[in-house]
Student: 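This is the structure I have questions about; it appears just below.
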Amino acid sequence: MKIAFVGKGGSGKTTLSSLFVRRLATARRPVIAVDADINQHLGVALGLTEAEAADVPSLGGRLPLIKDYLRGANPRIASAETMIKTTPPGEGSRLLRVDEDNPVYDACGRTLTLEGSDVRLLATGPFTEADLGVACYHSKVGAVELCLNHLVDGRDEYMVVDMTAGSDSFASGMFTRFDMTFLVAEPTRKGVAVYRQYREYAADYDVPLRVVGNKVSDPDDVAFLRDEVGDDLLVTLGHSDWVRAAEKGRPLPFAELEEGNRRALDVLYETADASYERRDWERYTRQMVHFHLKNAESWGNARAGVDLAAQVDPGFVLAERTAQPV
Ligand SMILES: Nc1ncnc2c1ncn2[C@@H]1O[C@H](COP(=O)(O)OP(=O)(O)OP(=O)(O)O)[C@@H](O)[C@H]1O
Ligand SMILES: [Mg+2]
């Protein structure tokens, strides 16, 4: 299952991603946690020290390796240089599984033990001033998109992505890559403004989107969110002393998370799991091709100097049963 946490800056995307990852770990589900945010905080939220988190190798820094591995023996992709973030897999491509070892995870992944279960952490890498607004900013997040587009995940295994709701994910199609998107919103006008923008993009592509209220303190907060987002409101979490203690460097066992917040995580887990019923690999493949053709035309062809539409394998459908090339 591919699950995204998006929302306004500071709403709690990283916090809720990390709590959700812990919830999955307690259920012994294989999990890859992906930090795809500009501000790289997921590692620390999952219990790494700042130094350990800074030491996690970045996907963005290893794009040639990632592209070469995923390209495999796909004859439609002549070289890693012509592979852009939206280049879809086809016959001969190598696909990724959540629960396996491969050169991409070897080069970029860090394994953490949470609640007695191994969780893999991947990170796009930190962004410097110089990255913002230039091509390499896009390519850094593009590494995550390539991984999503080559991932053949089953129902009981998860890739959880802590993401910005920025325009980049709309242009590239990244926002369509998830079985479920949890939009984290504080009960404020700015919090729900991000929801409205997201919903507008999502509606055109049939993207499953639910709102998770965060830092909700009283019934009026809940009523506000309910008024603003209606039935899209899934569940709310309140202020958490457990989260605050972790922020103070005094982490508590997960079992001591407040009862109400624990129940909310159960709802997220049940909702994520149930979203499998709507999974449609043909649509998933069709949408990745759609965004690839759009990106090829708007900037990719000019950059690569070739017609990137030729990378599309018309007969290929990504699916759990898609065979790996030997
Ligand atoms: N339910 C909560 N209870 C207590 N503190 C919380 C809660 N949710 C988030 N916080 C705190 O709010 C701050 C922002 O949360 P977080 O970093 O998760 O937000 P974010 O959306 O990932 O932010 P950014 O956009 O900067 O990445 C953090 O200090 C976090 O510990
Ligand atoms: Mg964050």
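Remember, it's 1-based here, ligands and their atoms both numbered in the order they're listed. Count residues from 1 along the sequence.
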Student: With a cut-off of under 6.0 Å to the ring centre and 45° to the axis, is R210 in cation-pi contact with F182?
Tutor: no

Student: Is it true that R120 and D99 make a salt bridge, defined as a side-chain N closer than 4.0 Å to a carboxylate O?
Tutor: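 Looking at D99 together with R120, the answer is no, because their closest N to O distance does not fall below 4.0 Å.
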
Student: Check each N or O atom of ligand 1 against all protein N or O atoms and list the pairs under 3.5 Å, with atom names and distances to 0.1 Å, one per line.
Tutor:
| residue | atom | partner | partner atom | Å |
| --- | --- | --- | --- | --- |
| ligand 1 | 1 (N) | N214 | OD1 | 3.0 |
| ligand 1 | 1 (N) | G238 | O | 3.0 |
| ligand 1 | 3 (N) | S240 | N | 2.7 |
| ligand 1 | 8 (N) | N214 | ND2 | 2.9 |
| ligand 1 | 12 (O) | K215 | NZ | 3.1 |
| ligand 1 | 18 (O) | T14 | N | 3.4 |
| ligand 1 | 18 (O) | T15 | N | 2.8 |
| ligand 1 | 18 (O) | T15 | OG1 | 2.5 |
| ligand 1 | 19 (O) | G12 | N | 3.0 |
| ligand 1 | 21 (O) | G10 | N | 3.3 |
| ligand 1 | 21 (O) | S11 | N | 3.2 |
| ligand 1 | 21 (O) | G12 | N | 3.0 |
| ligand 1 | 21 (O) | K13 | N | 3.0 |
| ligand 1 | 21 (O) | K13 | NZ | 2.8 |
| ligand 1 | 22 (O) | T14 | N | 2.9 |
| ligand 1 | 22 (O) | T14 | OG1 | 2.8 |
| ligand 1 | 23 (O) | G10 | N | 3.0 |
| ligand 1 | 25 (O) | G10 | N | 3.0 |
| ligand 1 | 25 (O) | K13 | NZ | 2.9 |
| ligand 1 | 27 (O) | D37 | OD2 | 3.0 |
| ligand 1 | 29 (O) | E247 | OE1 | 3.1 |
| ligand 1 | 29 (O) | E247 | OE2 | 3.2 |
| ligand 1 | 31 (O) | E247 | OE2 | 2.8 |

Student: Name each donor-acceptor pair under 3.5 Å that joins a side chain in residues 104-117 to protein atoms two or more places apart or in another chain, with its distance.
Tutor:
| residue | atom | partner | partner atom | Å |
| --- | --- | --- | --- | --- |
| Y105 | OH | R97 | O | 2.6 |
| T113 | OG1 | D118 | OD1 | 3.2 |
| E115 | OE2 | R22 | NH1 | 3.4 |

Student: Which N, O or S atoms belonging to the protein are less than 2.8 Å from the Mg ion (ligand 2)?
Tutor: T14 OG1

Student: Around atom CD of E91, are there more than 12 heavy atoms of other residues, nucleotides or ligands at under 6.0 Å?
Tutor: no

Student: Flag the pair R283 and D206 as a salt bridge only when some basic side-chain nitrogen lies within less than 4.0 angstrom of an acidic carboxylate oxygen.
Tutor: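 D206 and R283: salt-bridged.
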
Student: Taking distance alone, no hydrogens or angles, what donor-acceptor pairs closer than 3.5 Å link side-chain atoms of residues 242-252 to residues at least two apart or in another chain?
Tutor:
| residue | atom | partner | partner atom | Å |
| --- | --- | --- | --- | --- |
| W242 | NE1 | L252 | O | 3.4 |
| W242 | NE1 | P253 | O | 2.9 |

Student: Check this for me: E277, atom CD, are more than 12 non-hydrogen atoms of other residues, nucleotides or ligands nearer than 6.0 Å?
Tutor: yes

Student: Could you check whether R196 pairs with E228 (Lys NZ or Arg NE/NH1/NH2 to Asp/Glu carboxylate O, under 4.0 Å)?
Tutor: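 Counted as a salt bridge, because a side-chain N and a carboxylate O are separated by less than 4.0 Å.
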
Student: Side chains of R278 and S275: any donor to acceptor distance under 3.5 Å?
Tutor: no

